[in-house]
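Each remark here refers to the structure printed beneath this line.
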Amino acid sequence: IVIDLFSGETASLLSIILCVLKDELEAFFPGICDAVEHELHTRIVQPYLTNREHRWIKGWGKPNNWNPWIISNICTAFLVCPMPKEDFYRGLELMFREINLYYDVQPADGGCEEGASYWMVAGVMLHEFCHRLYVASDGKVDLYGDALLRKIGLYETSVYIGGCQFACFGDGSTVLMDASAPATTFMFGKLLGEQSLCSLAATWKKAQEKTGVLQDCGTRAWREMWTVICRKELAEQSDFVPESSYVLPTLENAFMRSGSWYYAVRGAKTGRSHGHNDVASFMVYEADKPVLIDPGVGTYTKQTFSWPGRYDIWTMQTGWHNLVTVNGVEQQYDEINGADRFETDGTHTAISFAKSYAPEAGFKTVVRDLYVNDTGVTLRDCFAFTASQNNVTENFITLLKPEITDSGIVLGDQYILHADVNHQVSVDYQSFEGDSRLVNQWNAEGLYRIRMQIPCGEEATVKITLGKIE
């Protein structure tokens, strides 16, 4: 028997139901609890004790979030189901050994490679494993003093934009409406002793309540219980006040704000879990409103996880991010090459990323600088090429309808995008074609791509500013 994500979740759900309602269930239907325990032993306990070939233990190349996701759920079953003491301790020994395989590959900065939404089923699953043991041992097994676990928890504060929005690159979602997520985050922060994470949870919860459109927690009943248990304490927390800058140096992510303006940018490489071809891509928000966006990903299909068909999906491609297409060449999946410099200074970020493109692009070097101040965001791209004649296309992705004017490109009658070099502009519209994930994520039926085509010699510097229309 193979244990997978959702057999693990089902086991945890049934275990919690037994823990909370065992007497009532047995009175209503005598023998049902014995039947459930039998299935848990047959489908979870014994397969885990006897089979070390589950792919999610060591992952595909390296352990991914399936590891703590499944192990935290298995832990619940082991804590609830009656079993011989030697089986229980053998199971715990295996869980600690195997969840450490995931822990050991986490970035030193605590960042979540898959993004803020995946943090809820990655770093938070480490927390839930620790929390199960903390509760079961009446606080004697306390792992919350661990420095890396603390950084993993604080990751969510660094990527927070405002409202219910979090900066996500790759397949992660930007708008997080899971009704149980704030309480889950609060519990993590409380056990870590991190007030900033508790305050973020409270601010996030208030923002969710204003929308009135929430997602349930699915099979994760324990998170629903936390929502009830923490309700009063969560409401009493102070509002979250973000810092002006957050930098994750291992993950190569930077999150900067000044006044009402905010940008997030990434370096690193394209070859990562749930990644897109988007080295040096960025997003911009103003007063918590999306101005330039990362589209994210549509509803998962077989193609999403196929190779190389995944990168035929438009949301994965360089040209549908706030990035450059050079001599018709876009970035490709690469686990080795990517940004070779990622530096921050105040609210300025500099990224060198020529190696993210195939040699056919003709790059010697390309350096992207991003700046933010109270009036907007400035982008400066500096190019050096091997050929004397080149064509650069600066791509910008937005939900706001663009209008091309003599002064620049007006976005939704609110913002203006202006380039300081000669260029030709075209605008594409990409329909979401009814994809529910994209439609719900952006509350829109599609998005726009602005393409600035710029002829270049052997060297060129392009400066583009984004500000409000006064």
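What's counted below: heavy atoms across the whole structure, side chains too, no hydrogens, waters or symmetry copies.
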Show every donor-acceptor pair shorter than 3.5 Å between a side-chain atom in residues 317-325 and any protein atom, with sequence neighbours excluded, or say none if there are none.
from: Gln317; atom 1: NE2; to: Tyr311; atom 2: O; distance (Å): 3.2
from: Gln317; atom 1: NE2; to: Asp312; atom 2: O; distance (Å): 3.3
from: Thr318; atom 1: OG1; to: Asn277; atom 2: O; distance (Å): 2.9
from: Thr318; atom 1: OG1; to: Gln331; atom 2: N; distance (Å): 3.0
from: His321; atom 1: ND1; to: Gln317; atom 2: O; distance (Å): 2.7
from: His321; atom 1: NE2; to: His276; atom 2: ND1; distance (Å): 3.4
from: Asn322; atom 1: OD1; to: Ile397; atom 2: N; distance (Å): 2.7
from: Asn322; atom 1: ND2; to: Phe282; atom 2: O; distance (Å): 2.7
from: Asn322; atom 1: ND2; to: Ile293; atom 2: O; distance (Å): 3.1
from: Thr325; atom 1: OG1; to: Asn395; atom 2: ND2; distance (Å): 3.0

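Atom-to-atom distance recorded for Arg310:CZ and Asp171:CG is 4.0 Å, nearest 0.5 angstrom.
Judged by distance alone, the side chains of Asn390 and Asn327 do bring a donor and an acceptor atom under 3.5 Å apart. A donor and an acceptor atom, one from each side chain of Ser273 and Asn64, are nowhere located under 3.5 Å apart. For the residue pair Thr465/Thr378, the side-chain donor-acceptor check at 3.5 Å is not satisfied. Residues Asp374 and Ser258 have side chains that bring a donor and an acceptor to within less than 3.5 angstrom of each other. Between the side chains of Asp4 and Ser7, a donor-acceptor pair is found at a separation under 3.5 Å. For the residue pair Thr349 / Tyr263, a side-chain donor-acceptor distance below 3.5 Å is found, with atom types taken as modelled. Judged purely by distance below 3.5 Å, without hydrogens or angles, the side chains of Glu458 and Gln389 never pair a donor atom with an acceptor atom. Remark: the Glu286 side chain and the Tyr415 side chain contain an N/O donor-acceptor pair separated by less than 3.5 Å. Inspection of the Ser426 and Arg451 side chains reveals no N or O donor paired with an N or O acceptor under 3.5 Å. Side-chain contact, Trp69 with Glu9: a donor N or O sits under 3.5 Å from an acceptor N or O.
With a 6.0 Å radius and a threshold of 12 heavy atoms from other residues, nucleotides or ligands, Lys58 has its NZ atom at or below the threshold. Asp104 CG: more than 12 foreign heavy atoms inside a 6.0 Å radius. The number of heavy-atom neighbours closer than 6.0 Å to NZ of Lys289, taken from other residues, nucleotides and ligands shown, is above 12. Atom NZ of Lys205 is surrounded by more than 12 heavy atoms from other residues, nucleotides or ligands within 6.0 Å.
Tyr262 and Tyr285 have perpendicular rings, their planes meeting at more than 60° on a 0 to 90° scale where under 30° would count as parallel. Between His348 and Tyr371, the angle of the ring planes stays under 30°, which puts this pair in the parallel group of the 30/60° scheme. His127 and Trp226 have tilted rings, their planes meeting at an angle from 30° to 60° on a 0 to 90° scale. Below 30°, between 30° and 60°, or above 60°: for Trp56 and Tyr48 the angle between ring planes is below 30°, a parallel geometry.
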Practice task
Go through Asp381 and Lys463 one step at a time and tell me if the salt bridge (charged side-chain N to carboxylate O under 4.0 Å, His left out) criterion holds.
Solution key: CA-CA 7 Å; Asp381 284 342; Lys463 180 181 177 182; over 6 Å; no
Problem - Derivation of the side-chain contact (heavy atoms from CB on, under 4.5 Å) call for Lys468 and Thr375 - result: CA-CA 7 Å; Lys468 291 192 76 170; Thr375 62; over 6 Å; no
Problem - Audit row: Lys151, Asp109, salt bridge (charged side-chain N to carboxylate O under 4.0 Å, His left out) steps and yes/no - result: CA-CA 6 Å; Lys151 290 179 180 179; Asp109 56 25; over 6 Å; no
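Test Ser117, Cys164, Cys168 against Leu176 for side-chain contact (heavy atoms from CB on, under 4.5 Å) and you get one pass: Ser117.
Looking at residues two or more places apart in sequence or on another chain, you find no side chain to side chain donor-acceptor pair (under 3.5 Å) involving Gln165.
Residue pairs that meet the ring pair (Phe, Tyr, Trp, His ring centres under 6.0 Å) test with at least one member in residues 449-470, sequence neighbours left out, do not exist here.
Between the Asn100 side chain and the Phe96 main chain, a donor and an acceptor come within less than 3.5 Å of each other.
Counting heavy atoms from C-beta outward, Val124 and Glu128 have side chains that approach closer than 4.5 Å.
A salt bridge links Asp239 with Lys206: the closest approach of a Lys/Arg side-chain nitrogen to an acidic carboxylate oxygen falls below 4.0 angstrom. Glu194 has a carboxylate O that lies under 4.0 Å from a charged side-chain N of Arg150, or vice versa, which qualifies the two as a salt bridge.
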